[in-house]
There are 2 protein chains.
Amino acid sequence: MATGRTHRPATRSRGIPEATVARLPLYLRALTALSERSVPTVSSEELAAAAGVNSAKLRKDFSYLGSYGTRGVGYDVEYLVYQISRELGLTQDWPVVIVGIGNLGAALANYGGFASRGFRVAALIDADPAMAGKPVAGMPVQHTDDLEKIIDDNGVSIGVIATPAGAAQQVCDRLVAAGVTSILNFAPTVLSVPDGVDVRKVDLSIELQILAFHEQRKAGEESAEAAAVLPPAARAAGEDRKGPDGDVPAVMPA
Amino acid sequence: MATGRTHRPATRSRGIPEATVARLPLYLRALTALSERSVPTVSSEELAAAAGVNSAKLRKDFSYLGSYGTRGVGYDVEYLVYQISRELGLTQDWPVVIVGIGNLGAALANYGGFASRGFRVAALIDADPAMAGKPVAGMPVQHTDDLEKIIDDNGVSIGVIATPAGAAQQVCDRLVAAGVTSILNFAPTVLSVPDGVDVRKVDLSIELQILAFHEQRKAGEESAEAAAVLPPAARAAGEDRKGPDGDVPAVMPA
DNA sequence: CCATCTTTGTGCACGCGTTCACAAAGACAT
DNA sequence: ATGTCTTTGTGAACGCGTGCACAAAGATGG
């Protein structure tokens with residue numbers, strides 16, 4: 001408002017819209033790239049383009065954090081990187097546990113994106129006794145029996161669930177009981193948690209189904225009249241009769 | 001201006017709101033579970049609880065599809081499974097390619113959720129010549145050189161990108177040029193695509209950062225005055241000097 | 001056939017998020 | 001110092017999504 005260096009702006013953290021919070025990591029990534037190229041300042045227009053959003057939206061998003069820009073110039077890259085990092089809580093190190101070290105869990109353990117952005121994999125946990133002690137991503141897998149102790153010893157408040165769907169709720173309950181208050185769920189299940197616990201889900205199957213919906217719509221529009229153009233699946237897979245709307249519930253199981 | 005921007009895909013899709021489309025897979029999953037238990041009908045209230053949404057929202061969502069319920073009774077499970085499957089385009093088989101067979105790509109290839117819900121992994125593609133021919137999930141990895149031919153031969157219209165960030169845009173361009181019109185992107189980059197191509201992104205790092213934000217807010221509220229309570233990371237990790245608000249942008253690289 | 005009861009389908013109001021458009025703020029040149 | 005030019009920050013309008021609350025529809029029992 002007045003000074004450009006307001007440390008504690010009137011903007012309560014509660015006042016930051018959820019949609020804005022979800023975009024902050026996007027901005028941070030773009031800013032970090034600029035920082036590495038030693039770009040000193042950036043305009044809202046440029047940064048918005050890099051982050052793939054509207055410039056007006058970006059400016060409004062930043063306005064919730066405070067007045068960190070300079071009119072006529074733009075934003076100081078380093079300063080903004082720091083402010084967003086602080087706002088997101090990345091200036092501290094968050095220990096996380098990954099439960100369920102199957103293919104996906106192992107992939108997550110190896111994912112570099114964790115360690116590099118303020119997160120640290122504190123432990124890998126699996127229910128299979130055969131996995132215990134086996135090293136994954138340079139770290140021994142621990143057994144589910146020790147889950148509570150691991151959470152407590154490491155002060156973990158963020159848990160990642162990569163178990164099969166059937167085990168997810170049970171694991172979730174134990175994590176919450178042990179003190180975890182934020183969960184990233186990769187299992188295809190709806191988790192129920194008490195108030196005060198945040199759950200975010202990543203569901204590959206759902207994302208694909210959404211894409212399929214749009215894909216079908218595109219195919220349907222294109223070949224609405226020009227029925228000559230077969231849908232992609234049928235293009236090469238021989239012929240798969242598919243009327244504009246089927247009549248027989250030939251549905252496959254889950 | 002030089003950077004091509006990724007405009008939002010057309011929000012209007014056949015009258016069905018995007019938010020509703022995103023929930024249909026959720027309903028489908030819950031319905032499939034009921035179907036396996038041979039439950040004949042279900043009320044909006046029950047189904048909503050199973051899917052973790054509001055019952056009014058569910059009814060409104062279904063109303064966009066048509067009047068498939070019976071007042072006083074509820075919805076016929078089998079019929080609804082079929083209707084939603086058809087709406088989502090799952091009554092046909094979608095061949096997908098996965099590009100980038102690292103840890104994540106391999107995990108995706110092994111993920112059962114693909115094959116079981118109308119999707120079929122048509123090919124695994126990687127740029128590393130050493131990977132070529134090596135079997136992953138019972139399928140030989142093919143080299144990037146053959147990407148265009150693979151897409152064309154299999155009539156693929158959905159591509160999954162699991163490459164490092166640096167390669168993602170290039171892979172994306174080739175996929176699009178080869179005819180792919182829907183992309184599921186796991187690489188931490190903003191992809192720019194021409195109109196008519198849908199991109200959905202799954203970003204582990206972003207999800208974690210959003211959780212961290214809320215986690216910090218929770219911790220901040222609890223220990224607003226009681227500074228004695230250290231943030232979780234410091235609770236066990238010895239001492240990690242971190243003032244409540246630093247002044248030096250000691251930001252770590254991407 | 002009528003009354004009652006259950007559950008759907010939806011009109012409506014409200015709140016959030018997005019976008020536009022512009023005044024205010026500051027840099028920079030003269 | 002003053003004017004011009006660039007870019008931010010934001011008031012306001014708009015549109016979408018959500019949830020309430022209820023009438024309509026149909027099942028069920030007498």
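Lettering of chains follows the sequences in order, A, B, ..., and the numbering in each one begins at 1.
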Separation of atom [atom1] in [X] from atom [atom2] in [N], rounded to whole Å:
| X | N | atom1 | atom2 | result |
| --- | --- | --- | --- | --- |
| A:Glu18 | C:dC16 | CD | P | 12 Å |
| B:Leu58 | D:dG19 | CG | P | 12 Å |
| B:Arg23 | D:dC16 | CZ | P | 15 Å |
| A:Leu24 | C:dG17 | CG | C1' | 15 Å |
| A:Asn54 | C:dA21 | CG | P | 12 Å |
| A:Lys57 | C:dC20 | NZ | P | 10 Å |

Can you list every pair that meets salt bridge (Lys or Arg N to Asp or Glu O under 4.0 Å) and has a residue in residues 156-170 of chain B, with sequence neighbours left out?
none
Residue pairs fulfilling salt bridge (Lys or Arg N to Asp or Glu O under 4.0 Å) with at least one residue in residues 45-72 of chain B, sequence neighbours excluded
B:Arg23-B:Asp61
Using atom names, set out every protein N or O paired with an N or O of nucleotides 8-12 of chain C below 3.5 Å, distance rounded to 0.1 Å.
| from | atom 1 | to | atom 2 | distance (Å) |
| --- | --- | --- | --- | --- |
| C:dT8 | OP1 | B:Ser44 | N | 2.5 |
| C:dT8 | OP2 | B:Ser44 | OG | 2.6 |
| C:dT8 | O2 | B:Arg71 | NH1 | 2.9 |
| C:dG9 | OP1 | B:Gly69 | N | 3.1 |
| C:dG9 | OP2 | B:Tyr75 | OH | 2.7 |
| C:dG9 | O4' | B:Arg71 | NH2 | 2.9 |
| C:dG9 | N7 | B:Arg59 | NE | 2.9 |
| C:dG9 | O6 | B:Arg59 | NH2 | 3.2 |
| C:dG11 | O6 | B:Lys60 | NZ | 3.2 |
| C:dC12 | N4 | B:Lys60 | NZ | 3.2 |

Who passes side chain to side chain donor-acceptor pair (under 3.5 Å) against A:Ser35, sequence neighbours left out?
A:Glu78
Side chain proximity check, B:Val202 to B:Asn185, heavy atoms < 4.5 angstrom
no
Those stems involving DNA chain D that have three or more consecutive Watson-Crick or G-U pairs, both distances under 3.5 Å, are C:1-30 with D:1-30
Taking only residues two or more places apart in sequence, or in another chain, which ones meet B:Tyr68 in a ring-ring contact (aromatic ring centres under 6.0 Å, His included)?
B:Tyr79
Applying ring-ring contact (aromatic ring centres under 6.0 Å, His included), name anything that partners A:Phe62, two or more places apart in sequence or on another chain.
A:Tyr27, A:Tyr75
Non-neighbouring partners of B:Asp203 that pass salt bridge (charged side-chain N to carboxylate O under 4.0 Å, His left out), sequence neighbours left out:
A:Arg29
Output side-chain donor-acceptor pairs under 3.5 Å for residues 158-171 of chain A, partner residues at least two apart or in another chain, one line each.
| from | atom 1 | to | atom 2 | distance (Å) |
| --- | --- | --- | --- | --- |
| A:Gln169 | OE1 | A:Ser192 | N | 3.0 |
| A:Gln169 | NE2 | A:Asp173 | OD1 | 2.8 |
| A:Gln169 | NE2 | A:Ser192 | O | 3.1 |

